[in-house]
Amino acid sequence: MLNAALSVLSRNGEAETTASSTKTARSAATFVKPRQRPDGDAVAQLREDIRTKLVYVLGKTAATARDRDWFAATALALRDRIVDACEQQQTGSVPDKRVYYLSLEFLIGRLLSDAMNNLGLVETTRAALRELGVDLAEVEGAEPDAALGNGGLGRLAACFMESMASLSIPAVGYGIRYDHGIFRQFLEDGWQREAPETWLAEGNPWEFPRPETTYKIGFGGHVTMTSQGDHQIRRHWHPAETVNAVAYDIPVVGWRGKHVNVLRLWKAESDAPVELARFNAGDHVGAVAGRARAEAISRVLYPSDSSAEGQELRLRQEFFFTSASLQDLVRRHVAERGSLRSLPDHAAIQLNDTHPAIAVPELMRILMEDHEFSWEDAWQITSNTLHYTNHTLLPEALETWPVELMERLLPRHMQIIYLINWLHLEEQSKNTKGGTFDVSAVSLIDEAHGRRVRMGPLAFHGSRRVNGVSALHSELLKSTVFKDLHAIEPEKIVNKTNGITFRRWLHNANPELTALAVEVAGEGVLDDPEGLRKLEPFADDAEFRTRYAAMRKTRKKRLAQVIAERTGIVVDPAALFDVQIKRIHEYKRQLLNLVETVALYQAIKQAPNKDWTPRVKIFAGKAAPSYVQAKLIIKLAGDIARVVNEDPEIGGKLKVVFLPNYSVSLAEVIIPAADLSEQISTAGMEASGTGNMKLALNGALTVGTLDGANIEIKDHVGADNIFIFGLDAEEVLARSREPDYAGKAIAASPRLAAALDAIGNGTFSPEEPGRFSSLVDELRHGDRYLTTVDFDDYWRVQREIDAAWKRPAQWWRSAILNTARMAWFSSDRSMREYAEEIWRVRLG
Ligand SMILES: *Cc1c(COP(=O)(O)O)cnc(C)c1O
């Protein structure tokens, strides 16, 4: 029998036999402490299990197996142990309350190292594979990244899933099993090109397909009314089209294998049979067209972040996974508890951004239509079960859907939204007691841009709590996008600053630093990151600083190797490694960094014999395929790199690198090798950031604006151990109102003017001098992101950093203090706060 965490997820609550077939008595789930010698029996057992999987599941032999096969065999053997751990976790009892985390993205990356580390089987696996003549590192490298997300939002969902499992919070993550995750980026003559990513090409050994757990998802059609004896009018939706949502489960094992949760991803399958008549008539394409249309829903992840694309297929994806997830959790609740009246007591649903906001009318519909609740009761249940996390203030990223499209695709939901809105506006007019209020400010329908449903206000209104993701961001929510709704319900908005899982971003990504931490703070630091504090006194210990710097050097040599392999550029691991790795977006201001790079290049050329601090500027990040300016910024980075890296006068003083295809696995290589972390967004525009946390934890010093979580990082690491520059959020607002602020800033800064001239006149693109004129013109005449305004202060702080690098004792002292003081940014802390203050769920 499988335990509750997995078996409860099967359609009928029946135990499933998929994974337990090869189970024997073994000590699999017992934890082996890291860095201890693995126990010989466990190694022999795992070795035999891997061999068995290779031969009997994959049909390969040691002679014919590729690394990819060894990876699959190892993953399958470890998956058995996760199932075993799962069985030990609880005695089939139903948890009091579960968390359901709905997210259109889960950027989980590779899972092998996570699984080995959390099961305490890293050394056991290494030894077992060695006995089979296979190198663990090669096997790990053969795992494709599960890249089911764009960037920060999807990675956050992945960190949260890992932390919930580690804290034994009973949880299910719900998302879409995309055939193609985020595209693979490659460069052609410096331009971004996109290739489809095919992570499922050879199957996914971590997942359990659950074809018996399938739900019907409707689209289109019409609504009828029936009048019951009690004069209640009931409405029924008759969809024109239905698509099947089929469950695939990936087990998520927590730290020390104590708890296992499930990430349940939905695949779209047509329920229309192939139309035989058409097929026989020779119309082979037409016969399967309906199927293709249905199955398109889980085909591909939309590759834009920070902007809403407004495509019909996207709305179909959102409703598809939201409806399947709600049907699934409602079925489970009814099976376990009977009445849905108690749903808010036993289920907390978290909406990751507005992508699942259609949950508000869909849960209402399910309650009224399938379970005969009155409107009032359904609203009571819905608005006490849902919670919503906002991730952005950028207007172009706030989702709205045309009323016309909603009426066509989801006619019943549109009726429900109208009624929610009508009641909501009625209540407001009562509250203001005949006084006037601004309907357009609080209405769920935007009438100004052709009629559109505003998903943010809908999620706000239908949720019990709404949270921002950093202290600054939550305050800005109250004063900007949700100002009027906040005035109505001042208790609703709370802050939950983001976090990162230290198991991946410290223990797995940086074993050398982890070993140092364990040596100083003891093994307990692996369980409780607050133990990192014990590193603080060692910041003043010269010998420890030397060892910390040696750790970094090891990681930088490794990164230098990767840079050479992938770009051909040779960099010196002794130079300052200055990294900006994140999605390419104007608000993140890679352009500010590039303009400073050009100014530095010009300064070095003017005084080549000055004692410059050698730097390697490392960039990585994808641009949305339709985002023209962002793609031009990538090209600019490449063009600057070509000129600077080949200039003999520059020598090793400055190198510029753009590493293609930024991903979780590339981040794991870059982050432990970074000396300087660029977090330079326009203040007020980055909701939180989590890259900033990963880098500071690994001891990179931050150069950043007072934006997002940078502010809280500064509060924790101390103002002396971070480089802050530029306008703060309030100053940005004030400056934005001044006429021609960019023109004035450029006129006041000859250095900035010269750098812009060089970029604009083709110094870096002699074959096409006007290539970057649109970027430069935008800075001169618009500059929405205040790049020109912050430039001089950025230059100043960068030269301060040059000087700081020449005082190694102080530099490494600051780096150690960063690591020692970042414990608060663990996603375990975030999840504890959500559990206590939003979900009201007990930790296991
Ligand atoms: C952490 C992470 C991000 C988020 O980075 P930010 O700097 O916070 O924007 C994006 N992509 C990947 C692969 C990450 O690991």
Side-chain angles (χ1 to χ4, degrees), residues 103 105-110 113-114 144-163 181-185 197 199 301 303-306 352-353 391-392 394 397 469-470 472-473 497-506 508-510 578-590 593 618-624 630 659-674 676-682 685-698 700 702-705 707-713 822 825-827 830:
S103 179
E105 301 187 8
F106 287 93
L107 186 48
I108 48 187
R110 290 175 174 157
S113 59
D114 262 20
D145 268 44
L148 313 184
N150 274 285
L153 174 145
R155 183 55 232 174
L156 185 77
C159 283
F160 281 4
M161 286 303 296
E162 200 278 344
S163 274
I182 187 70
F183 64 85
R184 189 170 57 77
Q185 176 195 57
E197 170 280 345
W199 72 296
L301 167 79
S304 67
D305 73 326
S306 305
N352 195 26
D353 213 317
H391 284 276
T392 180
L394 296 181
V469 290
S470 73
L472 173 68
H473 171 62
T497 299
N498 284 167
I500 54 170
T501 169
F502 285 23
R503 266 83 57 187
R504 180 178 289 256
W505 296 110
L506 180 60
N508 291 349
N510 199 339
D578 170 351
V579 314
Q580 188 169 19
I581 47 173
K582 49 184 76 241
R583 285 300 286 252
I584 311 295
H585 202 293
E586 287 162 285
Y587 85 82
K588 291 177 182 279
R589 296 202 297 194
Q590 282 90 358
N593 192 347
I618 298 163
F619 295 85
K622 292 175 184 174
L659 267 171
N661 204 34
Y662 185 51
S663 59
V664 173
S665 52
L666 186 56
E668 288 164 350
V669 178
I670 299 174
I671 288 169
L676 186 65
S677 161
E678 299 268 356
Q679 307 300 336
I680 60 176
S681 51
T682 314
M685 296 198 183
E686 185 76 88
S688 163
T690 50
N692 48 3
M693 300 171 189
K694 300 166 195 167
L695 284 152
L697 173 64
N698 279 276
T702 302
V703 53
T705 47
D707 197 16
N710 295 353
I711 298 173
E712 288 150 272
I713 292 176
M822 282 298 289
F825 295 91
S826 162
S827 45
S830 309

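Both ligands and their constituent atoms are indexed starting at 1 by order of listing.
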*Asks:* Mind checking what makes salt bridge (Lys or Arg N to Asp or Glu O under 4.0 Å) contact with E678, not counting sequence neighbours?
*Replies:*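 Testing E678 for salt bridge (Lys or Arg N to Asp or Glu O under 4.0 Å), a comparison that skips the adjacent residues, returns none.
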
*Asks:* Report the residues that fulfil side-chain contact (heavy atoms from CB on, under 4.5 Å) with A630, sequence neighbours left out, ordered by chain and then residue number.
*Replies:* I584, A623, Y627

*Asks:* Quick one: salt bridge (Lys or Arg N to Asp or Glu O under 4.0 Å) partners of R504, sequence neighbours excluded?
*Replies:*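 Checked R504 against salt bridge (Lys or Arg N to Asp or Glu O under 4.0 Å); matches are D114, E668.
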
*Asks:* Measuring from atom NE2 of H585 to atom OG1 of T682, what distance do you get when rounded to the nearest 0.5 angstrom?
*Replies:*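 Nearest 0.5 Å value for the NE2-OG1 distance: 10.5 Å.
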
*Asks:* Between N692 and S677, which heavy-atom pair has the shortest distance, and what is it?
*Replies:* CA-OG, 4.4 Å

*Asks:* Give a table of atom pairs where an N or O of ligand 1 lies under 3.5 Å from a protein N or O.
*Replies:*
residue, atom, partner, partner atom, Å
ligand 1, 7 (O), K582, NZ, 2.8
ligand 1, 8 (O), T690, N, 2.8
ligand 1, 8 (O), G691, N, 3.0
ligand 1, 9 (O), K588, NZ, 2.8
ligand 1, 15 (O), K694, NZ, 2.6

*Asks:* Using only atom types and a distance under 3.5 Å, with no angle test, would you say the side chain of D145 pairs donor to acceptor with the backbone of S665?
*Replies:*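 Looks like yes, one N/O pair under 3.5 Å.
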
